[in-house]
Every structure is written in structure tokens, then in C-alpha cells.
Asks: 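Below are the C-alpha cells for one structure; questions will follow.
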Amino acid sequence: MRQVYALVDCNNFYASCERVFDPRLENKPVVVLSNNDGCVIARSNEAKALGVPMGAPFHEFKRLADHDKIAVFSSNYALYGDMSARVMQVLTQFTPAIELYSIDEAFLDLSGFTGRDLTALARDLARAVRKQTGIPVSVGLGSTKVLAKVANRIAKRNPETGGVLDLDALGRHGDAHLAQIDVKDVWGIGRRWSERLHQFGIHTALDLRAADPHLIRRRFNVVVERIVHELRGTSCLPLEQAPPPKKQIMTTRSFGERVTEAEVMREAVSSFAARTAVKLRDQRLRTGALMVFIQTSPFNPTEPSYQNSAVRTLPHASRDTGEIIRAATSALQEIWRPGYRYMKAGVMLLDLSPEDIVQQELFSTPVVRDAAVSLGPNPGPGRQSLLDVLDRLNQRMGRGTLQYAAEGEGEGRAWRMRQEHKSPAYTTRWNDLPVARAGEA
DNA sequence: TCTGGGGTCCTAGGACCC
DNA sequence: TCTGGGGTCCTAGGACCC
């Protein structure tokens, strides 16, 4: 049986999401900015054609936006996450053998479909996604995941493919394409490794495929060796249908304005801690330890710089926002130094375990507490349902509806992110539902 | 002035154990 | 005078991904 993988990749995903809800943006340059409106993280084809590079600081292109040459959006992850779920839902209609690889990409194992015209199947798939979600996708087919990635890239760059390409169907012809692909654009090869590969005379995907795997193993490592095998059609990277449980969960932010006061920093860190706790409960996990870090700007050499981090181990694995905030602020207290202008902070939850397994302390003294406020390993029903109510309410009414006092109040706090160009949460908030009027669009 | 956030995997080296 | 070797666990750092 021929092994066939498909990589389905949404075209310019964030920009396409914005477009779905505002058809006036069709054929116009659109860019989406990173958190804090810092730099460009997504571009429509028209924006690419205007020469806006990926990762470019936004201020360099602000003039174009001011003159209405480009439509600009702050990132709206509630919208993108929801649109992603809809796209993936369409894909699972075709096969359950699917790996949700990222917010805008999925691998499919199409091996069971041999005998059928796979290119035609891929076109059906792309059409279905477009029709049901409004999002355009490209599909690459190959006998390994790395080859499917390569095929997808070729499909995207060659309009005559119509966004769908089966590398195996190209035969020898495929080599010509591989020779066009810089080795740094092969999935898994970044800037550093491509520089080293160049030193060995390996410049293209075709060169890498021709390299001796043993030699690559010795000069580099197993990761690069596996890529060579994958390029040769030997599958080393299996489809991961069930995602492995998370090993860490973090919330980190650059501040809208520099933070100089301890009280403000405590509020920000509390807020990040609360956010990680919500993510933790979404994943049905508990945390046994957390790390807090704070840092000044690494970009400004004239200012005194400082960065530090501290870890706290919790007495027992917890999923409780209050406990996580307390541990985080305690860690912060240890590393806080006045006199600096802080640019960024973060909270990382480490040592995660499944929600339903609770490691008892070896020498814990039994303490009788009011069941409603117990913070022990088996918090009373009152505490559990408080957390559930908190999560459900915030899910229904929007993030931040109910929160801990320590997080500080108001969107107005200067440390909060700048998001001056944010679109509404069209699909996840009742109040933001798009309205269709006769005569528009 | 401005330059994101959230993850994973692999390796090397030290501590520690028998 | 001689002073092993193998194994595990943990951490830090470097690389990669979207």
C-alpha cells in the first residue's frame, strides 16, 4: 500500500480570517499584527506584493496604513481559534486520520484512499473548506510528512497548480522543484543548520536528499538525519492523532508601557498567573511548580538591564487560580528589583499532571478546614464549583467577566497590551455577531 | 518611540547511585 | 601503587516550529 500524507495549510490564515467577515477587504492588502501591535505576523498576498516582510516592525509601514493602502488588524486569537476549529471540523469529514499540527495546518493520512485520484480528492477537500468556512487552503501530497510539506510549498508558489500538488505524481519532474527549494525552507531546517549545511555544499532540498544519512548524523544530529530519510520517502515522523499531553503552559506578555512600580508588576503577574490557571483547567491538568520571570528591554543598550526568574514548588499539584496567583506573587517578590523599567514578564507552569491523579504529600498533617474554602489536594465541592462557575461564566460572557482582585481592574491599565486595530469576536461573542443588511456586501 | 507569544525536541554535562 | 564503569535523573542551552 502506498503511504500518502496530505498537508492542508490555510493561506495567509489570520488575514484570511479577517477577510471572511469583511468582504470589502477582498483583493486589498491586509496585515495582522503581533500582540501589542508590535510587528507583522500575517500578510495577504497583496500585502506581500507591496513588500511588507514577515516580522517587520509595524511602525515602518504605518504610513501605508494611514493612507489606507493597507488594512491593519491587531491579532484576534478568539476569532482565529474558532475559525481554526471550523476548518479542522471540515477536514475530519473526510478522514479521522488527522493530526492538528498548528492553528492553520493539519496532516492527513490518505493511505486508505489509494486507488482513488488523490489530487481530485485534495481538490474536493479544498473546495469544501472554502465553501463551509470561507478560508482558502493549499494541499500538498507526498509519501512522508516532510515531502507533503514540500509539495504544499510548491503548490502555494505555483498558481497553475490551483493550490493542490502531489509530489509523487510528478516523478522525475519533482527533482526540478526540489532543486529550486533552499535547504533552509525544508521543514525542520532553520537558519543555523542551513548555514552549516551550506559549508558542506548542501544548498537545496535536492542536495539534502542526496546527502549521506550517516555523515549527516555525525556532522549534525538525529533530527537532520531523519529529515534526509523523509526526503527520500522513508517515513520517520508518524501522524500524531492524539496530541501528547502538554509539558508546560505559559503566559508571557510585553507590556503596553514599561512597568516601574512593584504594585503594577504584581498585578500583571497575577493576571498572567490567572490566565495560565484557566489554560490548565481547559487541558484538564494540574501543576506542581511554576516559574515567574521579569525582564527589561533587550533592545535598548543605554538602559540598565536586568532579568531574573524564580521557581516555586507547590505543596501539592493544583488547578486553583488563587493558589497559583499566591505562588507566582511570592516568586515575583524574590526577583523584583526597583529602579528598572521592565518590558516583559511571564508565568510558566511546569511539572504538569492529569487532573484526576493527585499525588498526596508523604508527611502531610491532616488539617480540618471548612469544606467550602479548603485548598487541600481534594478541595471541597464548594471550591471546585467556584472554579467551574468562574470558567463557564468567562467562557460565555467573554474573558475577564469575573476575575480575581489581584489581577487589577480595567482595560485602562497601562501594562496591558496595545491593540488598536482589533476586529470584533465575530464568532465567539453574541454581541459581536456580524449583522447582514440588505444592500451591503 | 516602536521590534510577539507559545510550544517541542535533543544533547551535553554534572550529581548521584550501585 | 592503585583509584571502574554503567546507569539514571536533572538542568541548561541551543535548535527548531507556527
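Every chain is numbered from 1 and lettered A, B, ... according to where its sequence line falls, protein lines coming before strand lines.
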Asks: Just the rounded figure in Å: distance from P of B/dT3 to CD of A/E257.
Replies: 12 Å

Asks: Grab the CG-P distance between A/N152 and C/dC18 for me, whole Å please.
Replies: 11 Å

Asks: Measure from CE on A/M54 to P on C/dC18 and round the result to the nearest Å.
Replies: 10 Å

Asks: Can you tell me the base-pairing partner of B/dA15? Count Watson-Crick or G-U wobble geometry only, both distances below 3.5 Å, and say none if there is no partner.
Replies: C/dT8

Asks: Rounded to the nearest angstrom, tell me the gap between atom CD1 in A/I189 and atom P in C/dC17.
Replies: 8 Å

Asks: Which one, B/dT3, C/dC16, C/dC17, comes nearest to the side chain of A/Y101?
Replies: C/dC17

Asks: So, A/N76 side chain and A/L79 main chain: donor-acceptor pair closer than 3.5 Å or not?
Replies: yes

Asks: Does A/F299 stack onto the base of B/dT3, taking stacking as ring centres under 5.5 Å apart and planes under 30° apart?
Replies: yes

Asks: Are A/S75 and B/dG5 close enough that a side-chain N or O sits under 4.0 Å from OP1 or OP2?
Replies: no

Asks: Determine, step by step, whether A/L7 and A/K145 satisfy the side-chain contact (heavy atoms from CB on, under 4.5 Å) criterion, reporting the C-alpha distance in whole Å, the side-chain angles of both residues, the deciding distance to 0.1 Å, and the verdict.
Replies: CA-CA 7 Å; A/L7 175 69; A/K145 288 163 87 174; over 6 Å; no

Asks: Could you state the CZ-P distance from A/R153 to C/dC18, rounded to the nearest angstrom?
Replies: 10 Å

Asks: What nucleotide among B/dC2, C/dC16, B/dG4 has an atom nearest to a side-chain atom of A/R192?
Replies: C/dC16

Asks: Choose from B/dC2, B/dT3, C/dA15 the nucleotide whose nearest atom is closest to any side-chain atom of A/W193.
Replies: C/dA15

Asks: When you compare the side chains of A/S138 and A/D9, does any donor N or O come within less than 3.5 Å of an acceptor on the partner?
Replies: no

Asks: I need the minimum non-hydrogen distance between A/F255 and A/A268, along with the two atoms involved.
Replies: CE2-CB, 3.8 Å

Asks: Is the centre of the A/F73 ring less than 6.0 Å from the centre of the A/Y80 ring?
Replies: no

Asks: Quick one: do A/R392 and A/D388 satisfy salt bridge (charged side-chain N to carboxylate O under 4.0 Å, His left out)? Show the steps, please.
Replies: CA-CA 6 Å; A/R392 277 208 300 272; A/D388 288 342; 5.1 Å; no

Asks: With a 4.0 Å cut-off on heavy atoms, is A/R275 in touch with a base, just the backbone sugar-phosphate, or nothing at all?
Replies: nothing

Asks: When the distance from CD1 of A/I216 to C1' of C/dA15 is rounded to whole Å, what number comes out?
Replies: 16 Å

Asks: For A/D104, answer base if it contacts any base atom (sugar-phosphate contacts may also be present), sugar-phosphate if it contacts only those atoms, and nothing otherwise; contact means non-hydrogen atoms under 4.0 Å.
Replies: sugar-phosphate

Asks: For nucleotides 6-14 of chain B, read 5' to 3', which letter fits each nucleotide if B means a protein heavy atom sits under 4.0 Å from the base, S means only the sugar-phosphate is that close, and - means neither?
Replies: SBSSSS---

Asks: Heavy atoms under 4.0 Å, any strand shown: does A/K149 hit a base, just sugar-phosphate, or nothing?
Replies: sugar-phosphate

Asks: Base, sugar-phosphate, or nothing: which does A/E60 touch, judged by heavy atoms less than 4.0 Å apart?
Replies: nothing

Asks: Using the C1' atom in both, what is the distance from B/dC16 to C/dG4, to the nearest Å?
Replies: 16 Å

Asks: Assess the pair A/Y5 and A/W187: is the distance between their ring centroids shorter than 6.0 Å?
Replies: no

Asks: Do the side-chain N and O atoms of A/S111 and A/D109 include a donor-acceptor pair separated by under 3.5 angstrom?
Replies: yes

Asks: Using atom CZ of A/R341 as one end and atom C1' of B/dT1 as the other, report the distance to the nearest whole Å.
Replies: 10 Å

Asks: Tell me the interatomic distance from A/I41, atom CD1, to C/dC17, atom C1', rounded to whole angstroms.
Replies: 15 Å

